[in-house]
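Residue numbering restarts at 1 for every chain, and letters A, B, ... go by the order of the sequence lines. Reckoned from all heavy atoms, side chains included, excluding hydrogens, waters and symmetry mates.
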Amino acid sequence: MCAATALPSQSAEFPAWYGEVVRRAELAESSPVRGAMVIKPYGYAIWEMLQRELDDRIKATGHENLYFPLLQPASVLAREGALVDGFAPEVALVTEAGGRKLEEPLAVRPTSEALIWSTYGRWIQSYRDLPLLYNQWANVVRWELRPRLFLRTTEFLWQEGHTAHETAAEAVAEALTILHDVYADTVESVLAMPVLRGRKSRGERFPGAEDTYTLEALMRDGKALQAATSHYLGQGFARTYDVRYTGRDGTDAYPYATSWGASTRLVGGVVMTHGDDRGLRLPPRIAPHQVVIVPILREADRAGVLQAAAALADALRAAAVRVRVDDRPEHRPGFKFNEWELKGVPVRVELGARDLAAGVVTVVRRDTGEKSEIPVARAAAAAGELLDDVQASLFEAARDERERRTVRDRSGYVELTEYLSRAAGLVEAPWCGRSECEARVKSDSSATIRCLPIDERPAPPGACICCGRPAVTTAVWAQAY
RNA sequence: CGGGACGUGGCGCAGCCUGGUAGCGCACCUGCUUUGGGAGCAGGGGGUCGCGAGUUCAAAUCUCGCCGUCCCGACCA
């Protein structure tokens with residue numbers, strides 16, 4: 001590999017590595033507006049795969065899609081105090097349009113609870129109208145102070161679900177169904193990103209939420225990424241926007257709400273979870289090209305090799321594999337190898353006269369670099385098996401890496417905060433539940449509580465790592481994106 | 001908003017200190033030869049140096065002001 005074209009080292013300069021991978025793999029680039037990015041076709045193709053996986057699960061759990069507008073009167077947003085407190089600093093306002101100053105400024109949505117709940121009032125009259133299970137695919141704008149491609153952009157794409165229910169229990173169950181059956185399933189089985197499932201501490205909750213459920217993933221630089229969130233909103237929004245219905249007993253009632261979202265941030269998560277010094281490593285289930293066939297062309301056998309490549313591509317397509325034959329004449333094979341590795345294509349097939357003569361194809365997997373020769377007749381089947389194996393291996397490698405970087409011992413407050421402040425990974429430890437301790441860890445290490453895990457493990461008895469009082473729960477700390 | 005760096009063809013940079021109207025690598029275009037790990041040779045196109053003002057015979061270069069970008073923190077999916 002030539003030094004002039006090598007990527008920055010992932011371990012030594014992670015932010016530079018990340019930016020270069022996103023740019024050179026042609027996922028996205030920045031635009032004239034600070035923090036707003038252009039998502040390029042290859043990056044958008046990944047988003048479309050992910051979008052479809054999420055959308056299928058959202059529908060499978062009984063939801064319908066609809067669409068609310070980008071703009072809403074600023075006063076509608078302002079009615080909900082929690083949203084104002086939470087989002088005011090990052091809301092963009094339209095104050096002028098059609099050549100004149102507007103009577104009332106319009107807010108560009110930072111999220112849609114306000115507009116949607118101000119509308120739901122007309123849609124919810126009876127308990128028979130419940131539950132309302134709606135989702136929208138949309139763009140939102142949050143004026144972030146420090147944007148980063150995919151991870152925190154001024155405008156981003158996401159889905160936001162907004163549901164209304166008769167009972168609190170039903171709403172909580174909804175929020176958890178989304179967390180597990182939609183988000184965790186997609187993120188783990190499709191994106192191959194292992195996640196911790198948990199609740200947010202009070203201080204980290206969504207504005208207006210009674211409970212925020214979250215998926216937290218560990219990136220290869222030791223920081224945590226919130227992969228998706230699902231909120232139980234109680235009756236707060238219903239009360240603010242005066243959404244009432246006649247209940248089964250004939251009296252007025254306020255519905256219970258949830259909202260939940262996952263965004264283009266996940267694309268950044270895939271880069272930071274699986275990428276290596278050669279570039280992207282895409283899990284096969286979201287790879288726009290799962291297999292790339294690179295024909296090795298020499299004048300004498302050109303036609304035969306191309307024909308064999310086309311035949312193999314047909315066989316792979318018949319097996320529902322997304323395949324591309326890279327027959328560009330302007331580049332030599334070595335260039336293509338590097339380019340497709342940078343772009344993270346899970347499996348590469350090399351096919352030249354040498355292979356044809358031997359009745360084999362050369363197959364290389366991106367995750368391990370392992371190279372093997374496979375009889376042509378078995379190539380399509382073998383590629384399918386290999387893709388499954390790459391998918392599973394990426395997940396296992398990421399899970400092992402997370403475990404390796406998770407500290408569970410009680411070595412002492414100073415050691416733990418030191419571990420956290422250099423973003424070495426996760427700390428899982430008992431917590432007394434008091435925000436004083438949460439704040440102290442943050443000021444000592446700049447790490448925050450990522451979640452209070454809701455997995456199978458019972459909260460271990462013990463003393464709060466910070467103050468030593470009896471713990472009420474286990475908490476997971478880390479530096480966060 | 002605080003700290004740091006930087007704005008020069010598409011991208012990455014040099015030139016600035018010691019003013020004399022722009023150069024390198026990659027990319028791009030044409031042709032030929034190549035093709036199993038980022039090809040070679042030959043030819044070619046493209047910028048007036050972030051913006052504004054000033055000094056000067058002359059400004060990418062010196063002075064002043066402004067704007068913008070990136071990185072590190074506080075806010076955040």
Side-chain angles (χ1 to χ4, degrees), chain A residues 1-8 13-16 18-20 23-24 29-35 85-91 110-111 139-160 183 200 203-207 212 214-217 224-231 259-269 278-279 294-302 305 326-342 348-358 361-362 364 369 371 373 421 442-443 446 448 479-481:
Chain A
M1 174 160 321
C2 160
T5 52
L7 285 169
E13 25 185 1
F14 196 88
Y18 176 81
E20 280 292 290
R23 206 172 57 81
R24 281 160 64 167
E29 62 185 43
S30 50
S31 79
V33 173
R34 174 186 167 72
D85 295 344
F87 285 107
E90 40 189 290
V91 170
T111 180
N139 55 343
V140 290
V141 167
R142 298 181 187 176
W143 217 256
E144 300 290 355
L145 300 175
R146 201 174 144 219
R148 274 190 99 187
L149 293 170
F150 285 110
L151 302 176
R152 195 181 307 102
T153 45
T154 299
E155 176 187 358
F156 58 92
L157 306 182
W158 73 346
Q159 57 68 220
E160 47 178 327
Y183 293 153
K200 285 293 189 186
E204 298 281 329
R205 272 178 211 154
F206 175 78
T212 286
T214 181
L215 299 181
E216 298 288 328
L225 183 78
Q226 181 173 305
T229 50
S230 179
H231 317 289
S259 70
W260 26 277
S263 74
T264 36
R265 160 179 270 197
L266 283 170
V267 176
R278 303 178 81 83
V294 179
I296 314 296
L297 301 171
R298 278 176 305 184
E299 226 27 75
D301 37 52
R302 182 177 199 84
V305 169
D326 186 358
D327 56 1
R328 291 174 297 174
E330 66 269 32
H331 293 302
R332 300 168 80 198
F335 180 93
K336 296 175 184 177
F337 297 164
N338 280 286
E339 178 169 84
W340 293 117
E341 281 166 5
L342 172 65
R348 176 177 81 237
V349 175
E350 301 172 17
L351 183 51
R354 211 166 69 198
D355 302 285
L356 281 189
V361 294
T362 302
V364 186
K371 195 178 268 202
E373 292 191 342
S421 43
K442 186 172 181 182
S443 85
S446 86
T448 49
Q479 303 265 1
Y481 271 98

[X] side, atom [atom1]; [Y] side, atom [atom2] - distance, nearest 0.5 Å:
X	Y	atom1	atom2	answer
A:Q159	A:T264	CD	OG1	11.5 Å
A:S263	A:N139	OG	CG	12.5 Å
A:H231	A:T111	NE2	OG1	7.5 Å
A:E155	A:E144	CD	CD	13.0 Å

Taking atom types as they are modelled, would you say the side chain of [X] forms a donor-acceptor pair with the base of [N] within the 3.5 Å cutoff?
X	N	result
A:R142	B:C76	no
A:E341	B:G37	yes
A:S446	B:G73	no

Given A:E341, which partner from the list A:K336, A:R24, A:R348 fulfils the salt bridge (charged side-chain N to carboxylate O under 4.0 Å, His left out) test?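 Of A:K336, A:R24, A:R348, salt bridge (charged side-chain N to carboxylate O under 4.0 Å, His left out) with A:E341 is met by A:R348 alone.
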A:E339 and its salt bridge (charged side-chain N to carboxylate O under 4.0 Å, His left out) partner, picked from A:R328, A:R278, A:R332: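 Looking at A:R328, A:R278, A:R332, the match for A:E339 under the salt bridge (charged side-chain N to carboxylate O under 4.0 Å, His left out) is A:R328.
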Rounded to whole angstrom, note down the [atom1] distance from [N] over to [M].
N	M	atom1	result
B:C64	B:U55	C1'	11 Å
B:G37	B:A60	C1'	41 Å
B:C70	B:C13	P	14 Å
B:C66	B:C75	P	30 Å
B:C26	B:G36	C1'	25 Å
B:A59	B:G50	C1'	16 Å
B:C17	B:A74	C1'	38 Å
B:G15	B:G23	P	16 Å

Close N or O pairs between protein and nucleotides 11-14 of chain B (under 3.5 Å):
none

Modelled atom types, side-chain donor and acceptor of A:S259 and A:E160, under 3.5 Å: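 Short answer, no.
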Counting only N and O atoms by type, is there a donor-acceptor contact under 3.5 Å from the side chain of A:R142 to the main-chain atoms of A:P110?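 Pair found, side chain donor or acceptor close to backbone of A:P110.
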Distance-only, no hydrogens or angles: does the A:S30 side chain make a donor-acceptor pair with backbone N or O of A:L149 under 3.5 Å?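 Such a contact is absent between A:S30 side chain and A:L149 backbone.
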Interatomic distance, [X] [atom1] vs [N] [atom2] [rounded to whole Å]:
X	N	atom1	atom2	result
A:D326	B:G36	CG	P	13 Å
A:F14	B:C70	CZ	C1'	18 Å
A:R24	B:A27	CZ	C1'	13 Å
A:Y481	B:C75	OH	C1'	17 Å
A:R34	B:C75	CZ	C1'	13 Å
A:R265	B:C76	CZ	C1'	8 Å
A:F206	B:C75	CZ	P	18 Å
A:E20	B:C26	CD	C1'	13 Å

What is the nucleic acid contact for [X], judged by heavy atoms within less than 4.0 Å: base, sugar-phosphate only, or nothing?
X	answer
A:A227	nothing
A:G261	nothing
A:E350	base
A:T153	base
A:F156	base
A:R328	nothing
A:L266	nothing

Look at the side chain of A:S263 and decide which nucleotide, out of B:A77, B:G38, B:C75, has an atom nearest to it.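 Minimum distance to the A:S263 side chain belongs to B:A77.
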Side chain of A:F335 only, please: which of B:C76, B:C71, B:A39 is the nearest?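 Shortest atom-to-atom distance from the side chain points to B:A39.
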Evaluate A:Y18 against A:L151 for side chain to side chain contact (heavy atoms under 4.5 Å, CB included), listing each step before the verdict. CA-CA 11 Å; A:Y18 176 81; A:L151 302 176; 3.6 Å; yes
Classify the ring geometry between A:F156 and A:W158 as parallel (under 30°), tilted (30 to 60°) or perpendicular (over 60°).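 Rings of A:F156 and A:W158: perpendicular, as their planes differ by over 60°.
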Which label fits A:W260 and A:Y183: parallel for a plane angle under 30°, tilted from 30 to 60°, or perpendicular past 60°?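 Ring orientation of A:W260 relative to A:Y183: perpendicular.
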Would you mind telling me which residue lines up with the more 5' stretch of RNA chain B, A:E330 or A:L351, judged by nearest nucleotide?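 It is A:L351 whose nearest nucleotide is closer to the 5' end.
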Nearest heavy atom decides the nucleotide; on that basis, is A:R152 or A:R148 closer to the 5' end of RNA chain B?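 Residue closer to the 5' terminus by nearest nucleotide: A:R148.
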Every protein N/O lying under 3.5 Å from an N/O of nucleotides 33-35 of chain B:
from, atom 1, to, atom 2, distance (Å)
B:U35, O4', A:R332, NE, 3.4
B:U35, O2', A:L297, O, 3.4

Using side chain to side chain contact (heavy atoms under 4.5 Å, CB included), reason through A:F337 and A:E350 one step at a time and then give a plain yes or no. CA-CA 9 Å; A:F337 297 164; A:E350 301 172 17; 3.5 Å; yes
Tell me, which stems hold RNA chain B, with a stem being 3 or more Watson-Crick or G-U pairs in a row and both distances under 3.5 Å?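 Stem list for RNA chain B: B:1-7 with B:67-73, B:10-13 with B:23-26, B:28-33 with B:39-44, B:50-54 with B:62-66.
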Identify the two heavy atoms, one from A:P8 and one from A:E13, that lie closest to each other, and give their separation to 0.1 Å.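 Closest approach of A:P8 to A:E13, heavy atoms only: CB-OE2, 3.7 Å.
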Is there a side-chain contact between A:K200 and the phosphate of B:C76, meaning an N or O under 4.0 Å from OP1 or OP2?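 For B:C76, OP1/OP2 do not have a side-chain N/O of A:K200 under 4.0 Å.
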